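Reading through the structure tokens given below for one structure.
The model shown is predicted, which means the values in this text are computed figures rather than measured ones. Note on naming: letters A, B, ... go to the chains in the order of the sequence lines (proteins, then strands), and numbering restarts at 1 for each one.
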Number of protein chains: 2
Amino acid sequence: MTAPLVTILDDEPEIRLMLAEALEDAGFRTMSFGRAREFEAALQKTTPDVCLVDLSLPDRDGLTLVHRLALEQGAIVIIISGRAQVQDRVTGLELGADDYIIKPFEPAEVVARIRARLRKDRAVAPTSNTASFNGWVAHFDRYALEDESGTETTFSHAEGEVLRLFLDNPKRLISRNQMQEQLGGAAGESFDRAMDVRISRLRTKLQEDPKNPQLIKTIYGAGYIFLGEVIWS
Amino acid sequence: MTAPLVTILDDEPEIRLMLAEALEDAGFRTMSFGRAREFEAALQKTTPDVCLVDLSLPDRDGLTLVHRLALEQGAIVIIISGRAQVQDRVTGLELGADDYIIKPFEPAEVVARIRARLRKDRAVAPTSNTASFNGWVAHFDRYALEDESGTETTFSHAEGEVLRLFLDNPKRLISRNQMQEQLGGAAGESFDRAMDVRISRLRTKLQEDPKNPQLIKTIYGAGYIFLGEVIWS
DNA sequence: CTGAAACCTAACGAATTGTAACAAGCGCCT
DNA sequence: AGGCGCTTGTTACAATTCGTTAGGTTTCAG
């Protein structure tokens, strides 16, 4: 498992540097951005595990960014802000942020808070072969998908790979590139529509209405996102 | 699903009361304790979802308690402390606490922080994906717009982005620049009328009379403004 | 009132996505 | 071997998305 990736979004270069240094010393990978545009462009390529977002500059727009990050990227979102009002903190947290740190701050505390979030977030049993989500239960050990009523359908290996990728990254945008990177190990450079077909087949197994898929959503031009409350057990 | 149980461990009765009241107003169940012994006795009977722990406890070293709570109970542990040193915070977090709140604090912030933890941890309170406004209900999780009569239309991702931007900033002027900054991430530098077309399409979905739009108003030369009473839920 | 700028939107089309149908590969049984 | 069934990539075509264009309408300064 590679080190968690932390993105830093702040308009002040010194702060970016300070954070990046502290985080890298702590063993994280980092990417820094001075502007929201660049940051969002980068999100098309990679999905960070933790996003540090400075809220001072874009005032209100930053909050919608936070909202979207928490929703679509499923990342841990930590707001860093000079605005110290309680109301700011409350709304920030309610919009989906996982923590709210006030400037000026100590890098050591930022690191500790990130670690605390990651610890809790990753505290899932990694060796588990069973996950439940939205009325379904997936048994990866016997390639079976269990209905709400208890009836089971089997799924194939390829379908299971995709399903597991989704269940491991719920509420996170997954691009086709990332999928092929994760799953295409065997097939190598298949540039075609294979992934779409896999998704399509998985969708029918999950009895998704093609017009309104509830679980596997397509984001035009970007990839897929799995919505659903996953519990590994 | 029952309400999450929050335990409060603090030796000052006023603080216990203040917290309990705020938490119960927010819909949590609470149990308060003045001493670690009582608290630990209660742990034999019930397993709380969240533990608020005052670290300046008289009769026991709080940090070992925190450590044990986090490790053995798997509960969410939030330290409340008068000790404001960075080092205190870092060691507290590193010993397994999920958050560290400094006295004096606002109850509202405590509630918000608890909610943020629960949201991430057990998906008890997921970030809201539904907003209602002026007879409409927008379901962002399934890309659907619900009529007053309950009939639904779907909207695309791009339309949803615009709609969410409006619903996040009601009664606020939004310039084209701001829009492209927020939404342009997908297609890079798009000039011209793209945003107008998005708005136009959204307007037809909202059945706006083109001559007299009620919800999305154009401010000539400045941008758009969304009028409407938004309630996120 | 007049003209230019801003805005609206129907229509077009390139890019993207969904999926049915086909085919190749594999294991298994007779 | 031959046939059957299952898996899975490929192809082809239909559907959708969404920016662009173009022409019409609205707004506003002078």
Looking at the side chain of [X], which of [options] is the nearest nucleotide?
| X | options | value |
| --- | --- | --- |
| A/Y220 | D/dT20, C/dA6, D/dT17 | D/dT17 |
| B/A194 | C/dT17, D/dT10, D/dT20 | D/dT20 |
| B/V197 | C/dG18, C/dC7, D/dT21 | D/dT21 |

Rounded off to whole Å, could you give me the [atom1]-to-[atom2] distance for the [X] and [N] pair?
| X | N | atom1 | atom2 | answer |
| --- | --- | --- | --- | --- |
| A/K205 | C/dT19 | NZ | P | 15 Å |
| A/D196 | C/dA20 | CG | P | 14 Å |
| B/R198 | C/dC7 | CZ | C1' | 17 Å |
| B/E208 | C/dC8 | CD | P | 12 Å |
| B/H157 | C/dT16 | NE2 | P | 15 Å |
| B/L202 | D/dG19 | CG | C1' | 16 Å |
| A/Q180 | D/dT10 | CD | C1' | 14 Å |
| A/F155 | D/dT7 | CZ | P | 11 Å |

> Under 6.0 Å from the CD atom of A/E24, do we count more than 12 heavy atoms belonging to anything else shown?
Replying inline: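 Counting other residues, nucleotides and ligands, CD of A/E24 exceeds 12 neighbours.
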
Within the structure, does a side-chain N or O atom of [X] lie under 4.0 Å from either OP1 or OP2 of [N]?
| X | N | answer |
| --- | --- | --- |
| B/S200 | C/dA10 | no |
| B/T218 | C/dA6 | no |
| B/K211 | D/dT26 | yes |

Would you mind classifying the nucleic acid contact of [X] as base, sugar-phosphate or nothing, using non-hydrogen atoms under 4.0 angstrom?
| X | value |
| --- | --- |
| B/I219 | sugar-phosphate |
| B/Y224 | sugar-phosphate |
| B/R193 | base |
| A/Y143 | nothing |

Check [Y] with [X], please: is the shortest side-chain N to carboxylate O separation under 4.0 Å?
| X | Y | answer |
| --- | --- | --- |
| A/D98 | A/R117 | no |
| A/E106 | B/R89 | no |
| B/R203 | B/E159 | no |

| said: Looking at A/R201 and C/dG18, is any side-chain donor or acceptor paired with a base atom of the opposite kind under 3.5 Å? | reply: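 A donor-acceptor contact between them is absent.
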
Query raised in the report: What class does the angle between the rings of A/F133 and A/F226 fall in, given that below 30° is parallel, 30 to 60° is tilted and above 60° is perpendicular?
Result: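 Judged by the thresholds at 30° and 60°, the geometry between A/F133 and A/F226 is perpendicular.
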
